[in-house]
Amino acid sequence: MRDLNDIRVEIDQVDKEILNLFTHRMELACQVAEYKIATGKKVYDKVREDEKLEKLSSYVEDGFSQQAVKELYTQIMSISRKKQFSILRANGINFDSGFQQVDDFDFSEATVCFQGVQGAYSQLAMLAFFDDEMKSSFHVDLWRDAMDAISSGEADYAVLPIENSLAGSIEENFDLLSEYNVAIIGEQILKVDHALLGVKGAKISDIKTVYSHPKAIAQCDEYIRTKHIDWDVKNLRNTAMSAQKIKDDGDITQAAIGSTYNAFLYDLDILEEAIQDDKNNETRFVIVSKDKKYRKNADKISLCLEISHTPGSLYRILSNLMFNGINMNRIESRPIKGVNWQYRFFIDIDGNLNDEAVRNALTGLKEECVSLRVLGNY
């Protein structure tokens with residue numbers, strides 16, 4: 001049996017040889033990039049790479065080694081592409097996001113819409129974000145109505161809930177962001193405190209039926225299951241609408257789950273406060289506009305992309321972020337309508353559209369994705 005130290009010495013020598021060959025290969029990749037710049041050819045050639053992977057893996061016999069060779073050269077070719085993308089960027093071949101940088105936004109003449117009736121959490125998020133700078137606001141019945149309002153110019157901005165720290169994503173609004181040609185210009189994190197609201201003089205012991213938005217009900221699931229399993233729980237489009245129904249019906253046996261602001265707005269009694277299961281419950285809202293603009297100090301970018309339905313495609317795409325040192329802090333998938341078992345990905349990354357590393361990564365993503373869209377920089 002050979003001495004372990006001798007084996008390690010030989011491994012070190014082999015690694016140096018591999019490193020020298022890798023360095024030479026990267027030099028050749030730079031020459032390829034120069035050729036592609038001159039001829040206008042795309043960096044990513046899937047057919048060429050697939051053929052090369054099959055050929056290289058055929059040089060070894062056992063199945064494990066064949067797969068290992070494919071993994072190794074998939075990585076090498078991915079690194080090579082990232083180097084070529086950076087050369088393209090250095091030669092002025094840029095990704096055009098379609099966004100314009102501004103010093104700041106002027107909301108003094110803005111009209112803002114939100115979904116729900118007066119007192120909805122979307123209205124509270126709107127008030128927190130715009131801080132009375134806006135000219136006017138109005139509410140609509142559906143989230144789609146809000147998107148239609150900014151698309152038609154009836155509103156300048158719309159406020160949409162996108163995810164809750166307890167109940168998760170608002171899937172419908174992710175779909176709307178991909179469907180409408182709008183831009184996210186800001187976000188607002190709103191602490192959600194759910195209260196049980198009843199008509200004047202009602203007591204908890206009187207309650208038989210409770211109304212609220214499905215997400216709000218889900219956020220109070222433990223409270224309902226452990227303390228009031230006999231309640232008849234019914235869904236409405238939002239929490240404020242539920243409070244309005246309680247006020248209009250005037251039924252002592254009915255209650256709503258909503259914010260304490262709704263009690264003030266609709267002249268209801270607060271039967272119990274903070275009934276949500278997670279006392280750190282928060283909802284993230286995004287502010288969307290028809291105009292594609294971003295503040296010069298923006299530090300978060302939201303992307304929407306579609307990729308090929310092939311092994312390793314998501315890893316290959318995300319390596320554009322890794323090799324450019326960009327942090328991804330969120331990824332969400334949604335089914336593509338009309339295409340079974342294929343998905344659209346929503347990704348949030350740190351950075352600004354003016355950053356060199358971000359531009360390099362977006363150049364690579366644009367070429368390697370089936371489709372790519374910047375949803376906003378905020």
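Sequence positions, counted from 1, serve as the residue numbers for this chain.
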State the [atom1]-[atom2] distance between [X] and [Y], to the nearest 0.5 angstrom.
{"X": "Asp131", "Y": "Gln188", "atom1": "CG", "atom2": "CD", "value": "9.5 Å"}
{"X": "Ile287", "Y": "Asp156", "atom1": "CD1", "atom2": "CG", "value": "13.0 Å"}
{"X": "Asn281", "Y": "His194", "atom1": "CG", "atom2": "NE2", "value": "5.5 Å"}
{"X": "Ile317", "Y": "Leu372", "atom1": "CD1", "atom2": "CG", "value": "9.0 Å"}
{"X": "Leu127", "Y": "Ser122", "atom1": "CG", "atom2": "OG", "value": "11.0 Å"}

Counting distance only, does the side-chain N/O of [X] pair as donor-acceptor with the main-chain N or O of [Y] below 3.5 Å?
{"X": "Lys208", "Y": "Thr253", "answer": "no"}
{"X": "Asp50", "Y": "Val47", "answer": "no"}
{"X": "Glu282", "Y": "Ile189", "answer": "no"}
{"X": "Gln101", "Y": "Tyr294", "answer": "no"}
{"X": "Asp278", "Y": "Asn280", "answer": "yes"}
{"X": "Ser58", "Y": "Lys55", "answer": "yes"}
{"X": "Thr363", "Y": "Arg359", "answer": "yes"}
{"X": "Lys70", "Y": "Ser57", "answer": "no"}
{"X": "Ser313", "Y": "Ser308", "answer": "yes"}

Applying a strict under-4.5 Å side-chain criterion to I, L, V, M, F, W and Y, I'd like to know whether [X] and [Y] cluster together.
{"X": "Ile217", "Y": "Ile204", "answer": "yes"}
{"X": "Val32", "Y": "Ile37", "answer": "no"}
{"X": "Val374", "Y": "Phe345", "answer": "yes"}
{"X": "Val102", "Y": "Phe99", "answer": "no"}
{"X": "Met322", "Y": "Ile349", "answer": "no"}

Are there over 12 heavy-atom neighbours, none belonging to [X], within less than 6.0 Å of that residue's [atom1]?
{"X": "Lys296", "atom1": "NZ", "value": "no"}
{"X": "Lys203", "atom1": "NZ", "value": "no"}
{"X": "Arg48", "atom1": "CZ", "value": "no"}
{"X": "Lys300", "atom1": "NZ", "value": "yes"}
{"X": "Lys83", "atom1": "NZ", "value": "no"}
{"X": "Tyr73", "atom1": "OH", "value": "no"}

Can you name the nearest heavy-atom pair linking [X] to [Y], along with the distance?
{"X": "Ala357", "Y": "Ile326", "answer": "O-CD1, 3.5 Å"}
{"X": "Val159", "Y": "Ala125", "answer": "CG1-CB, 4.2 Å"}
{"X": "Arg373", "Y": "Asn181", "answer": "NH2-CA, 4.0 Å"}
{"X": "Ile307", "Y": "Cys369", "answer": "CG2-SG, 4.3 Å"}
{"X": "Val199", "Y": "Ile246", "answer": "CG1-O, 3.4 Å"}
{"X": "Asn377", "Y": "Asp299", "answer": "ND2-N, 4.1 Å"}

Within the 4.5 Å heavy-atom criterion, are [X] and [Y] side-chain neighbours or not?
{"X": "Ile257", "Y": "Ser242", "result": "no"}
{"X": "Ser137", "Y": "Met126", "result": "yes"}
{"X": "Val117", "Y": "Tyr266", "result": "yes"}
{"X": "Gln276", "Y": "Asp193", "result": "yes"}
{"X": "Ser259", "Y": "Thr239", "result": "no"}
{"X": "Leu72", "Y": "Val69", "result": "no"}
{"X": "Glu49", "Y": "Ser80", "result": "no"}
{"X": "Glu306", "Y": "Gln342", "result": "no"}

Are any of the side-chain nitrogens in [X] or [Y] under 4.0 Å away from the carboxylate oxygens of its partner?
{"X": "Asp348", "Y": "Arg284", "result": "yes"}
{"X": "Glu368", "Y": "Arg81", "result": "yes"}
{"X": "Glu332", "Y": "Arg334", "result": "no"}
{"X": "Lys227", "Y": "Glu222", "result": "no"}

Plane angle bin for Phe114 and His139 - parallel if under 30°, tilted between 30 and 60°, otherwise perpendicular: tilted

Ring geometry between Tyr261 and Phe264 (parallel below 30°, tilted from 30 to 60°, perpendicular above 60°): tilted

Pair Asn324-Val358, side chain to side chain contact (heavy atoms under 4.5 Å, CB included): steps then yes or no: CA-CA 7 Å; Asn324 283 288; Val358 169; over 6 Å; no

Residue of the set Asp269, Asp206, Asp251 for which salt bridge (charged side-chain N to carboxylate O under 4.0 Å, His left out) holds with Lys200: Asp269

Polar side chain donor-acceptor pair, Thr111 to Ser136, under 3.5 angstrom: yes

Side-chain donor-acceptor pair present, Ser86, Lys82, cut-off under 3.5 Å: no

Worked verdict on Leu265 versus Lys247 for side chain to side chain contact (heavy atoms under 4.5 Å, CB included): CA-CA 10 Å; Leu265 194 63; Lys247 171 65 175 177; over 6 Å; no

cation_pi(Lys245, Tyr211) dist<6.0 Å, angle<=45: yes

Worked check of side chain to side chain contact (heavy atoms under 4.5 Å, CB included) between Asn235 and Lys215: CA-CA 9 Å; Asn235 297 333; Lys215 293 289 186 183; over 6 Å; no

Cluster companions of Tyr180 among Ile, Leu, Val, Met, Phe, Trp, Tyr (side-chain spacing under 4.5 Å): Trp143, Met147, Ile150, Leu160, Ile162, Ile170, Phe174, Leu176, Leu177, Val182, Ile184, Val286, Val288, Phe346, Leu375, Tyr378

Pair Tyr157 and Phe129, ring centroids less than 6.0 Å apart: no

Side chain to side chain contact (heavy atoms under 4.5 Å, CB included) between Phe130 and Lys135, intermediate numbers included: CA-CA 10 Å; Phe130 289 96; Lys135 179 181 178 180; over 6 Å; no

